[in-house]
Amino acid sequence: MGGGVKLGLALGGGFLRGIAHVGVLKVLAVEGIEPHLVAGTSAGSIVAALYCSGWSIREMEKLALEVNPQDIYDLGPMFVNLGAMAVKVLIDLFHLPVPFPSPLGLMSGCKLESWVERLVERKTFRQLRKLLAITSVDIHTGHRIIFVSEDVNYSPPPEDIYFIRGVPVARAVRASCSVPGLFEPKKIGDRLLVDGGLRENVPVEVLHLLGADVVVGVDVGYEGEHYKPIENMVQLLTQSLDIIGSEVTRVKLENYADVVIRPVLTGVTPWDFSRNAYCIAQGEKAARASLPELKRVLQEKRSRS
């Protein structure tokens with residue numbers, strides 16, 4: 001379905017809530033709706049990379065149900081880094097000599113990158129089966145950095161967007177998932193890169209620049225309720241990022257998305273791996289609810305082309 005219409009799918013960030021993207025892709029596959037371009041940010045970049053590298057929906061669903069914290073989080077070094085960061089704060093407070101470099105995040109991200117590298121079989125963007133774009137942000141300049149294949153064509157981007165080619169998929173995913181404070185930034189070339197969600201949590205504008213005729217944005221940052229009481233630092237961090245990005249995400253989706261799919265993912269935290277099946281089911285539910293609108297938009301676009 002889709003004819004000659006170029007369909008772009010933007011998979012947004014949201015920590016563990018990104019598993020809902022698998023449910024969305026599952027419904028689209030059943031309906032025969034296949035995106036031509038996929039863009040991913042943070043957690044969405046992982047699902048997008050797997051999908052574009054040839055993973056079937058069944059394989060992704062199985063992986064999503066089996067994944068656990070030990071696969072992606074550097075749990076051991078996290079406590080060492082936390083202590084080092086606390087010591088560095090005290091050293092700076094009293095203007096003492098610095099005896100060691102301080103980590104820039106609780107976790108190095110090495111385990112996450114190795115995990116993704118294994119799953120995508122060390123593929124480059126050019127080796128993927130579908131066109132993929134992965135977003136990140138240069139923490140020094142604030143510029144949006146978009147990783148794409150060498151053979152991707154795009155419209156002239158705004159001054160704050162830079163397209164980067166020739167980077168392995170796993171390194172790009174690692175950069176896109178570098179949540180400030182949680183993962184250390186990823187250094188690529190002269191750039192120090194962090195989570196793409198800081199500038200565009202659902203990368204719909206990117207798909208327009210890459211030539212998509214119809215853009216579908218999947219926003220997994222929506223929880224369907226007022227923010228709940230904070231119980232730990234990770235919840236404070238993730239909720240803060242949700243609040244910071246919510247208005248930017250709303251404006252981007254209004255300006256660039258033809259259809260928005262919003263799974264209701266109430267109370268799912270970055271550590272709540274017991275709710276993976278719930279996330280997938282909510283992604284399916286939201287995608288089914290959006291099907292009439294998506295089919296209408298595709299039909300209108302085909303009739304005008």
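Computed from a prediction, not measured in an experiment: that's the story for all the values here.
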Step by step, work out the side-chain contact (heavy atoms from CB on, under 4.5 Å) result for Ser53 and Val169.
CA-CA 9 Å; Ser53 67; Val169 172; over 6 Å; no
Checking Glu200 against Thr41 for the side-chain contact (heavy atoms from CB on, under 4.5 Å) test, could you report, in this order, the C-alpha distance in whole Å, the side-chain angles of both residues, the deciding distance, and whether it holds?
CA-CA 8 Å; Glu200 188 178 11; Thr41 294; 5.8 Å; no
Evaluation steps, side-chain contact (heavy atoms from CB on, under 4.5 Å), between Phe183 and Asp195:
CA-CA 9 Å; Phe183 288 110; Asp195 194 317; over 6 Å; no
Start with the C-alpha distance between Gln299 and Arg302, add both sets of side-chain angles, then the distance that settles side-chain hydrogen bond (donor to acceptor under 3.5 Å, both in side chains), and finish with yes or no.
CA-CA 5 Å; Gln299 182 59 44; Arg302 279 202 307 269; 2.4 Å; yes
Worked verdict on His21 versus Val220 for side-chain contact (heavy atoms from CB on, under 4.5 Å):
CA-CA 8 Å; His21 293 311; Val220 295; 3.6 Å; yes
Evaluate Asp160 against Arg199 for salt bridge (Lys or Arg N to Asp or Glu O under 4.0 Å), listing each step before the verdict.
CA-CA 10 Å; Asp160 68 334; Arg199 291 293 310 273; 2.4 Å; yes
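No donor-acceptor pair closer than 3.5 Å links the side chain of His208 to the backbone N or O of Ala257. A donor-acceptor pair under 3.5 Å is absent between the side-chain atoms of Lys26 and the main chain of Ile57, judged by distance alone. Side-chain atoms of Glu113 never come within 3.5 Å of backbone atoms of Glu117 as a donor-acceptor pair (strictly under, hydrogens ignored). Remark: side-chain polar atoms of Ser176 are paired, donor with acceptor, to backbone N or O of Thr135 under 3.5 angstrom. Panel note: side chain Glu284, backbone Gly23; no donor-acceptor pair is recorded below 3.5 Å. Proximity of a side-chain donor or acceptor of Ser149 to a complementary backbone N or O of Val152 within less than 3.5 Å is not detected.
For the atom pair CG of Asp219 and CG of Leu253, the computed distance is 5.5 Å after rounding to the nearest 0.5 Å. Rounded to the nearest 0.5 Å, atoms CZ (Arg191) and NZ (Lys186) are 15.5 Å apart. How far CD1 of Ile164 is from CZ of Phe147: 6.5 Å, rounded to the nearest 0.5 Å. Taking CZ of Arg17 as the reference point, atom CD1 of Ile19 lies at 11.5 Å (rounded to 0.5 Å). A distance of 11.5 Å separates CE in Met60 from CG in Leu119, rounded to the nearest 0.5 Å. How far OH of Tyr73 is from CE of Met107: 6.0 Å, rounded to the nearest 0.5 Å.
Cluster membership check: Val215 does not share its hydrophobic cluster with Ile261, using side-chain heavy-atom separations under 4.5 Å among Ile, Leu, Val, Met, Phe, Trp and Tyr. Taken together through direct or relayed side-chain contacts under 4.5 Å among Ile, Leu, Val, Met, Phe, Trp and Tyr, Val194 and Ile161 form parts of separate hydrophobic clusters. In this structure, Val47 is a member of the same hydrophobic cluster as Tyr278, with clusters built from ILVMFWY side-chain heavy atoms closer than 4.5 Å. Linking Ile, Leu, Val, Met, Phe, Trp and Tyr residues whenever their side-chain heavy atoms come within less than 4.5 Å leaves Leu210 and Val38 in two separate clusters. When hydrophobic clusters are built by joining Ile, Leu, Val, Met, Phe, Trp and Tyr residues whose side-chain heavy atoms come closer than 4.5 Å, directly or via intermediates, Val22 is grouped together with Leu265.
A 6.0 Å sphere centred on CZ of Arg165 holds more than 12 heavy atoms belonging to other residues, nucleotides or ligands. Dense packing is recorded around CG of Asp151, with more than 12 heavy atoms of other residues, nucleotides or ligands lying under 6.0 Å away. Few gaps surround CZ on Arg304; more than 12 heavy atoms of other groups in view lie less than 6.0 Å from it. By the neighbour-count criterion of 12 heavy atoms within 6.0 Å, atom CD of Glu300 is densely surrounded, having more than that number from other residues, nucleotides or ligands. More than 12 heavy atoms of other shown residues, nucleotides or ligands fall within 6.0 angstrom of atom CG in Asn255. Environment of CD in Glu159: sparse, with no more than 12 heavy atoms of neighbouring residues, nucleotides or ligands closer than 6.0 Å. By the 6.0 Å contact criterion, CZ on Arg126 is enclosed, its count of non-hydrogen atoms from other residues, nucleotides or ligands being greater than 12.
Nearest heavy atoms, Ala170 versus Val116: CA-CG1, 3.9 Å. Listed here is the closest heavy atom pair of Ala43 and Cys177: N-SG, 4.2 Å. A pairwise comparison of heavy atoms in Ala39 and Leu207 identifies CB-CD2, 3.8 Å as the closest pair. Contact detail for Tyr51 and Pro35: the closest heavy-atom pair is OH-CD, 3.4 Å. Annotation for Asp71 and Trp115: closest pair O-CB, 3.7 Å, computed over non-hydrogen atoms. Summarising the geometry of Arg275 relative to Thr266, their closest heavy-atom pair is NH1-O, 2.9 Å, with the distance given to 0.1 Å.
Put simply, the side chain of Tyr162 does not reach to within 4.5 Å of the side chain of Asp138, judged on heavy atoms. Under the 4.5 Å side-chain criterion, counting only non-hydrogen atoms from C-beta, Ile33 is in contact with Leu298. Within the 4.5 Å cutoff, the side chain of Leu9 has heavy atoms near those of the Leu25 side chain. When side chains are defined from C-beta on, Lys6 counts as touching Leu37, because their heavy atoms get closer than 4.5 Å. Counting heavy atoms from C-beta on, the side chains of Glu205 and Pro158 come closer than 4.5 Å. Under the 4.5 Å side-chain criterion, counting only non-hydrogen atoms from C-beta, Val120 is not in contact with Val173.
Between Lys130 and Glu34 there is a salt bridge, since at least one side-chain N of the basic residue sits less than 4.0 Å from a carboxylate O of the acidic one.
At a cut-off of 3.5 Å, with distance as the only test, a side-chain donor of Arg174 or Ser178 sits close to an acceptor on the other residue. Residues Thr249 and Asn201 bring no donor and acceptor atom of their side chains to less than 3.5 Å of each other.
Among the candidates Leu131, Leu132, Thr124, the single residue satisfying the side chain to side chain contact (heavy atoms under 4.5 Å, CB included) test with Leu128 is Leu132.
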